[in-house]
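This structure is a prediction, so every number in the text was calculated from the model and none was measured. We name chains A, B, ... by the order of the sequence lines, and we start the count at 1 in each one.
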Amino acid sequence: MKGPVLVFAESSGSQLRKAALEAVTAGRRLADELKVEEYVLAIGNGLKEIGTELGKYGADRLLVCEDPSLGLFHPEFYKQIALDAIRRVAPGTILLPATSTGKDLAPRLAIHLNTGLATECVQIGLENGEFVATRPAYAGKVLLKVKINGSPKIATLRPNVFTAKEIVPRNLSVERLLFSRPDTKMTVKESVAHDAKKMDLTEANVIVSGGRGMGGPENYKILEELAEVLGGVVGASRASVDSGWRPHSDQVGQTGRTVSPTLYVACGISGAIQHKVGMVNSKVIVAINRDPEAPIFGFADYGIVGDVFEVVPALTRQLREFYGKR
Amino acid sequence: MPKRLFPSLESAPLGRLQLKIVVCVRRVPDTASRVKIASNGRSVDATDFEYVINPYEEYALEAGVQLKEKHGGEVTVLTLGPEKSTQTITKALALGADKAVHLRSESFPDDPSCSARALAEELKSTEFDILLFGKKGVDDDNQQVGQMVAELLGVPCVTQILGLEVADGKAIARREVEGGSLIVETALPAAFTAEKDLAAPRYASLRELVAARKKPVTVKEPRSQPSTLETIAVQYPPPRPPGKVVGKGVEAVPKLIQLLHEEAKVI
Ligand SMILES: Cc1cc2nc3c(=O)[nH]c(=O)nc-3n(C[C@H](O)[C@H](O)[C@H](O)COP(=O)(O)OP(=O)(O)OC[C@H]3O[C@@H](n4cnc5c(N)ncnc54)[C@H](O)[C@@H]3O)c2cc1C
Ligand SMILES: Nc1ncnc2c1ncn2[C@@H]1O[C@H](COP(=O)(O)O)[C@@H](O)[C@H]1O
């Protein structure tokens with residue numbers, strides 16, 4: 001626990017991910033409690049101006065490793081760089097965003113360092129001077145409070161749970177790490193985007209989700225329109241993914257994405273437990289369902305009992321007016 | 001369901017590769033189970049749990065069985081767990097695995113790195129080309145064991161895959177990431193963790209379930225290490241306030257917008 005806090009600031013292209021800034025903010029708070037410095041590690045290719053940005057979120061020192069071969073996540077390359085950085089910084093705590101990259105990388109680090117890892121944490125802090133993390137388990141039906149036996153303590157933080165907050169900017173020192181490409185039997189050949197414009201559900205602020213009640217893939221158009229006015233993205237229940245209406249990357253729930261947007265609008269979704277666990281931590285939940293007995297009404301903040309094909313277009317139209325008016 | 005991701009590979013003259021495939025499988029409580037906190041406040045009460053194969057491992061197992069059916073070879077199931085895991089092993093054998101290894105322990109630490117070390121210890125002396133895991137156990141949601149085992153064995157590991165094809169001693173996998181996927185090529189042997197829908201699980205017939213009981217299962221004792229992750233308390237999540245219905249049909253829309261703006265302050 002003695003050493004600095006080291007945060008892996010994941011980037012996507014030349015930009016830092018929102019989840020990375022959330023982790024840097026959480027790391028700053030922990031570093032203050034521990035009275036240690038916060039180091040940030042960034043790996044990528046063509047990262048722009050990230051030093052200034054990271055300084056705003058409270059980082060003291062930045063280690064950057066850039067190379068054309070680091071543009072896409074390669075677990076063995078990233079692992080080597082992270083282990084290098086860890087040797088140099090001797091951190092007491094390591095935080096990573098619980099993104100596909102963070103969740104791939106963190107266990108590799110933990111096993112190499114012979115320490116423990118708490119994944120998908122929704123809370124971290126100190127109790128009696130000891131690092132304690134809270135993480136959901138059993139499909140979110142319980143929260144486990146865990147401690148790590150071993151050092152450093154490693155945790156991945158669930159995106160959209162910790163808030164990224166700018167503070168008085170620090171004068172961040174930047175050190176460049178050299179990358180010497182390790183031998184590897186793995187090649188990351190290419191990245192295929194689903195839809196280059198679409199933000200991932202885990203990072204979205206507003207999600208409009210459709211379930212079996214949407215009746216077919218063509219009807220998602222009305223959800224796309226509602227999402228557009230709200231500045232959000234479209235998600236789905238498993239029933240609509242299994243019907244082939246939507247890609248798996250849109251699925252919210254236990255075997256899909258766990259999301260916590262500010263606003264989640266569930267349209268034609270019954271609210272089965274396996275769906276609920278993926279979205280119940282949204283700040284505000286709206287449900288539109290024609291069945292007044294649907295379980296979703298048991299936990300939605302605001303429900304409308306009605307037909308999605310009537311209510312959704314009306315909502316879209318009136319929201320347009322609402323935003324136009326202001 | 002399984003889409004051909006890499007048509008170029010499919011048309012290549014393959015021959016029978018005789019792949020040795022190992023799938024790591026374990027049981028988890030059915031996701032519909034009620035979860036009660038045990039009286040010690042530090043664990044969950046498992047007495048009423050109904051167990052099933054972890055869903056992600058059903059995808060992994062099916063992918064393994066399909067590779068065997070295509071290329072020839074055999075599928076071994078590896079399970080670390082109590083005696084009661086036998087049911088899960090039988091199910092996996094009925095779903096197309098040929099044999100199983102059961103690292104049997106009634107009191108193994110519930111800790112990903114301990115599990116990983118015990119599984120890796122067994123796999124060190126096992127020949128394999130393809131090692132498959134689920135992405136995560138849906139009980140603890142750790143998502144750690146696959147990568148850890150691979151690191152301990154020093155084999156490449158591609159996580160969260162939605163597609164897998166094998167040819168010429170290599171594998172190509174499609175890995176699901178935010179906003180898209182990465183196409184990753186790796187030499188064999190290699191490890192993979194399955195995302196939902198890697199392969200559509202089949203159903204086991206009664207005949208297959210009966211036949212499964214005759215397939216060989218080797219039972220061994222795993223070695224445990226001190227745990228690195230310790231649960232110190234279990235709590236129920238804070239309840240959401242009970243749901244509120246604003247109204248019926250289109251007439252309720254203005255009220256909803258007003259509430260979202262003035263009360264919830266999210267628009
Ligand atoms: C191991 C496991 C994992 C699972 N993982 C997930 C997961 O990750 N995500 C997930 O979502 N599910 C998951 N499920 C499935 C889950 O149990 C439900 O089956 C699923 O969520 C149901 O989807 P749905 O609400 O779209 O469909 P239904 O339950 O069929 O609900 C459709 C709803 O639409 C309403 N409706 C119909 N027509 C209209 C209309 N015109 N206007 C308004 N309302 C209408 C109906 O009243 C109904 O409430 C999982 C299940 C298992 C066993
Ligand atoms: N006790 C075990 N026996 C066999 N395989 C396991 C065990 N624990 C974990 N695994 C494998 O590792 C994957 C990830 O597990 P976890 O890290 O616990 O989420 C699972 O989907 C399984 O394939």
Please determine, among B/Arg117, B/Arg240, B/Lys244, the option with the most heavy-atom pairs under 4.5 Å with chain A.
B/Arg240
Residue A/Val241 versus chain B: region with a heavy atom under 4.5 Å
side chain
Portion of A/Leu117 that has a non-hydrogen atom of chain B nearer than 4.5 angstrom:
both
Who wins among A/Ala300, A/Gly231, A/Ala98, A/Gly150 for the most heavy-atom pairs under 4.5 Å with chain B?
A/Ala300
If you count heavy-atom pairs within less than 4.5 Å of chain A, which of B/Asp139, B/Leu256, B/Val184 leads?
B/Asp139
Using non-hydrogen atoms and a 4.5 Å limit, figure out which bit of B/Val145 sits close to chain A: side chain, backbone, both or neither.
neither
With a 4.0 Å cut-off on N to O distance, would you call A/Arg108 and A/Glu76 a salt bridge?
no
If one checks every heavy atom of A/Gln318 against chain B at 4.5 Å, the contacting part turns out to be both
Pick one of side chain, backbone, both or neither for A/Asn205, based on which atoms fall under 4.5 Å of a heavy atom in chain B.
neither
Identify which part of B/Pro29 has an atom lying under 4.5 Å from any heavy atom of chain A, answering side chain, backbone, both or neither.
side chain
Check the surroundings of atom CG in B/Asp110: do more than 12 heavy atoms from other residues, nucleotides or ligands lie under 6.0 Å from it?
no
Give the member of B/Val28, B/Val177, B/Ile37, B/Val155 that has the highest number of heavy-atom pairs under 4.5 Å with chain A.
B/Val177
Taking every non-hydrogen atom, the tightest pair across B/Ser115 and B/Leu80
CA-CD2, 3.7 Å
Against chain A, label B/Ile257 side chain, backbone, both or neither, depending on which of its atoms sit under 4.5 Å from a heavy atom there.
side chain
Toward chain B, the part of A/Thr115 with a non-hydrogen atom under 4.5 Å
backbone
Most contacts with chain A, counted as non-hydrogen pairs under 4.5 angstrom, among B/Val250, B/Asn142, B/Val266
B/Asn142
If we define contacts as heavy-atom pairs under 4.5 Å, which of B/Ala187, B/Ser181, B/Ala252, B/Pro156 has the most with chain A?
B/Ser181
What distance separates A/Cys267 SG from A/Phe309 CZ, expressed to the nearest 0.5 Å?
10.0 Å
Might you confirm whether atom NZ of A/Lys185 has over 12 heavy atoms from other residues, nucleotides or ligands at distances under 6.0 Å?
no
Taking only Lys NZ, Arg NE, NH1 and NH2, and the carboxylate oxygens of Asp or Glu, determine whether A/Arg135 and B/Asp140 approach each other closer than 4.0 Å.
no
Heavy-atom pairs under 4.5 Å with chain B: which of A/Val206, A/Ile273, A/Leu319 has the most?
A/Leu319
Going by an N to O cut-off under 4.0 Å, is there a salt bridge joining B/Glu176 and A/Arg257?
yes
Quick check on A/Asp104 against chain B: is it the side chain, the backbone, both or neither that has a heavy atom closer than 4.5 Å?
both
With only heavy atoms counted, which part of A/Thr258 is less than 4.5 Å from chain B, the side chain, the backbone, both or neither?
neither
When the 4.5 angstrom heavy-atom criterion is applied to B/Lys36 and chain A, the contacting part is neither
Against chain A, label B/Glu230 side chain, backbone, both or neither, depending on which of its atoms sit under 4.5 Å from a heavy atom there.
both
Does the side-chain contact (heavy atoms from CB on, under 4.5 Å) test come out yes or no for B/Glu195 and B/Tyr56, once each step is laid out?
CA-CA 6 Å; B/Glu195 179 56 273; B/Tyr56 288 103; 3.6 Å; yes
Could you look at A/Val312 and say if it's the side chain, the backbone, both or neither that has a heavy atom under 4.5 Å from chain B?
neither
Going through the distances and angles, do B/Thr159 and B/Phe133 end up as a side-chain contact (heavy atoms from CB on, under 4.5 Å)?
CA-CA 9 Å; B/Thr159 55; B/Phe133 297 88; over 6 Å; no
Exam field: side chain A/Arg238 to backbone A/Gln274, donor-acceptor pair closer than 3.5 Å
no
Does B/Glu262, at its CD atom, have more than 12 non-hydrogen atoms belonging to other residues, nucleotides or ligands within less than 6.0 Å?
yes
Is the backbone of A/Glu120 close enough, under 3.5 Å, to the side chain of A/Thr156 for a donor and an acceptor to pair up by distance?
yes
